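Proteins come first, then strands; the chains are lettered A, B, ... in the order of their sequence lines, and each starts at number 1. Note that this is a predicted model, so its numbers are computed, not measured.
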Amino acid sequence: MNLLRFLNSRNASAPVARERLQILLSHERSLRGQPDLLGVLREEILAVVSRHVVLDPDKVIVKMERGETVSTLEVDIELPNGVEGLREAG
Amino acid sequence: MAKVLVVTSGKGGVGKTTTTAALGASLAQSGQKVVVVDFDVGLRNLDLVMGAERRVVFDLINVVQGVAKLSQALIRDKRLDNLWLLPASQTRDKDALTDEGVGTIIEELRTKFDWIICDSPAGIERGATLAMRYADEAVIVTNPEVSSVRDSDRIIGMLDSKTVKAEKGEQVKKHILITRYDSARASRGEMLTIEDILEILATPLLGIIPESQEVLRASNVGTPVTLNSATSAPARAYNDAARRLMGETVTMQVPAERKGLMDRLLGRRAA
């Protein structure tokens, strides 16, 4: 039986399922009842930037990568060169 | 004292209605007075699985709106004298179900029955939240599959925060019921094991229902699986689960269909 289990362990997908679930659920549980952090950060960052620059919504890319201990938020904003994209100061 | 039990899951298609019918029939067979209540407004199906689809006159919403009395809407099972069904309505207006209306009906049912089993719709919308709202206990039906386990976790969070019990600082007693389990596949590492699921969800186990063709056969003919093939593996598993709900201690096992020769030679055990 153990030999069989060993032979099968190479293509066993259940341990992967288990690990993915554990990471995902520990994250989701920590956010339960909290405001959507990613959403809040994205909106506030974009609000600050758009105070100075005219933003094209299609040129803003937000990515989130969740890890076991840390997560990263990547905000990629394409800024136009020259003066036409800048907002008037004041 | 009457107990309100919600059968819920978040995810659709995992076996909530099958479970409601099977547990309801099993409890009724043990002499308990049981009503199964369909909360899936707009998509009722418990009547069909119970074989009472042609006897529905009034429904839950008629009672909430005062169009019919509770006693007029309750349908008595033809096989078991102490099993009753309160069907959902086919109306598309889900707002017809109100918190207050459901509360009133549940209170009235508490005076008449030992068990009020609420069959929750899938999802986390109004129907699902109202089905669990007044529950004393919850059966969370989970398949050994990632999306089902994730949704169960979400539902557990709701049971701990959105129910009347939770708001009073008490706890809904929660049980995991694993359905469609295939112990051979789990032992080969192809399917999450019972231990994996229980560790992730950190909730006690009520029972393990093996994958079986008897479940589909029972719904085809409109009879709860515990009545349709009483000695089959899923029926025995549901009967054990029902006994645990009544407070009995029953050894946990995966009831097996007849083992194949290969399984026996290789000595595969239930996980």
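Other residues, nucleotides and ligands contribute at most 12 non-hydrogen atoms within 6.0 Å of the CZ atom of A/Arg20. More than 12 heavy atoms of other residues, nucleotides or ligands sit less than 6.0 Å from atom CZ of B/Arg133. More than 12 heavy atoms of other shown residues, nucleotides or ligands fall within 6.0 angstrom of atom CD in B/Glu167.
What you find for B/Ile200 and A/Gln22 is that their closest heavy atoms are CG1-CG, 3.9 Å. Here the closest non-hydrogen pair linking A/Pro15 and B/Gly189 is CD-O, 4.1 Å. Here the closest heavy-atom approach between residue A/Ala17 and residue B/Leu192 is recorded as CB-CD2, 3.9 Å.
Between the CD1 atom of B/Ile197 and the CG atom of A/Leu21 there is a distance of 9.0 Å, given to the nearest 0.5 Å.
Below 4.5 Å, heavy atoms of chain A meet heavy atoms from B/Val146, B/Val149, B/Arg150, B/Asp153, B/Arg154, all part of residues 142-156 of chain B.
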